[in-house]
Amino acid sequence: MKIRALIVGLAALGFAAAAAAAEPIVIKFSHVVATDTPKGKGAEKFKELAEKYTNGAVKVEVYANSTLYKDKEEMEALQLGAVQMVAPSLAKFGPLGVRTFEVFDLPYIFDNADDLHKVTTGPVGKKLFASLEPKGIKGLAYWDNGFKVFSANTPLHKVEDFKGLKMRIQSSKVLDEQMRALKSLPQVMAFSEVYQALQTGVVDGTENPPSNLYTQKMYEVQKHVTISNHGYLGYAVITNKKFWDGLPGNVRDQLEKAMDEATEYANSIAKDENVSAMAAVKASGKSEVYTPTAEERSALKKALYPVHKEMTSRIGKETIEAVYKATGFDPSKM
Ligand code: LMR
């Protein structure tokens with residue numbers, strides 16, 4: 001009788017252990033943009049592939065549009081292990097104390113996405129990811145968004161047009177300097193608060209890749225958009241290093257495979273997503289969309305190039321020069 005009870009007890013324990021083993025590993029992936037954006041779609045693709053390749057051993061919960069955390073909080077939540085994956089814009093690493101990342105914010109440092117990829121997929125990209133590890137963060141991938149446009153309620157054609165305007169920026173010293181170079185007044189603000197700040201006139205204008213301008217409906221509260229393409233906005237998909245290193249090896253391998261494919265997908269759609277977002281902004285008729293003339297573009301470049309020099313000691317000469325070298329950047333063209 002006793003033995004029978006023992007057997008029944010052990011069997012129950014076995015089931016419990018099996019049930020526990022079947023509990024999926026949960027990855028909370030938090031981000032601040034809409035699902036219908038390059039980053040939002042990349043996150044959904046990662047979820048689909050990660051769950052498929054691990055046969056359900058991993059469950060990915062994607063929280064879009066700042067539903068869990070706002071800009072600064074999401075990085076802290078990752079470090080504390082409250083979420084396992086986030087994909088902040090590259091501008092968001094400066095406030096973490098990793099200033100080398102601010103190189104991506106320099107105006108006109110990349111002519112096109114190919115130049116950017118030379119940096120992210122080369123030694124500079126690797127070195128930047130290595131610099132996150134002492135912060136308990138592991139860099140998994142670089143995801144594209146696109147080149148930024150300026151917007152405001154007044155036309156932004158000439159450098160003088162920016163004077164005195166309150167312009168929302170991400171928390172980046174380089175972006176702060178960029179707006180000051182145009183004699184505008186930079187205002188740091190969380191992404192989730194920008195629409196309302198524009199609507200109520202707390203700020204006059206901002207900068208965004210078209211996908212964000214469109215999906216956050218900012219164009220509805222901005223009368224003018226200038227296709228300046230003056231700087232780049234993209235992301236680093238990062239995870240909590242302790243969490244990642246603690247995963248069973250076979251699970252981690254499958255997640256890496258899922259991330260590689262999700263990255264390829266996200267980066268393959270980013271350009272078109274931005275082109276169609278810009279077309280939708282134009283079609284809405286709510287904002288007047290302006291393309292600067294060659295002279296206006298060159299005046300803007302001239303006004304903004306000094307930001308590279310101003311920020312060199314902060315970002316580090318070595319990093320800036322490594323980027324210049326990788327892309328063939330020619331300061332004389334500025
Ligand atoms: C912003 O704050 O403007 C961007 O970082 C938002 C984003 O993630 O694209």
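No hydrogens, no waters, no symmetry mates; every other heavy atom, side chains included, goes into these values. Atoms within each ligand, like the ligands themselves, are counted from 1 in listed order. If you're wondering where the values come from, they're calculated on a predicted model, not measured in any experiment.
The environment of K47 atom NZ is dense: over 12 non-hydrogen atoms of other residues, nucleotides or ligands sit within 6.0 angstrom.
Per-residue contacts place K92 under 4.0 angstrom from the following atoms of ligand 1 (heavy atoms of the residue considered): 1 (C), 2 (O), 4 (C), 5 (O). Of all the atoms in ligand 1, the ones that sit under 4.0 Å from a non-hydrogen atom of D71 are 2 (O). Those atoms of ligand 1 with a heavy atom of V33 less than 4.0 angstrom away are 7 (C), 8 (O), 9 (O). When each atom of ligand 1 is checked for a heavy atom of Q170 under 4.0 Å away, the hits are 1 (C), 2 (O), 3 (O), 4 (C), 5 (O).
The six-membered or imidazole ring of F93 lies away from that of F104, with a centre-to-centre distance of 6.0 Å or more. Annotation: F129 is in aromatic contact with Y142 [ring centroid separation under 6.0 Å]. In summary, the aromatic rings of Y214 and Y219 are positioned with their centroids under 6.0 Å apart.
Contacts with ligand 1 closer than 4.0 Å are made by no heavy atom of V194, backbone or side chain. Of all the heavy atoms of T37, none lies under 4.0 Å from any atom of ligand 1, so neither backbone nor side chain is involved. At a heavy-atom distance under 4.0 Å, only side-chain atoms of R168, from C-beta outward, approach ligand 1.
Considering backbone and side-chain N/O of S89, one or more are found under 3.5 Å from N/O of ligand 1. Backbone and side-chain nitrogen or oxygen atoms of K39 are examined, and one is located within less than 3.5 angstrom of a nitrogen or oxygen of ligand 1.
In this model, no donor atom of one side chain and acceptor atom of the other lie less than 3.5 Å apart for N145 and T37.
Q216 contributes no side-chain N or O that, together with a main-chain N or O of Y195, makes up a donor-acceptor pair within less than 3.5 Å. Although no hydrogens or angles enter the test, the distance criterion places no donor-acceptor pair under 3.5 Å between the side chain of R99 and the main chain of G316.
The nearest protein atom to atom 9 (O) of ligand 1, hydrogens excluded, is given as Y235 OH, 2.5 Å; this is a heavy-atom distance.
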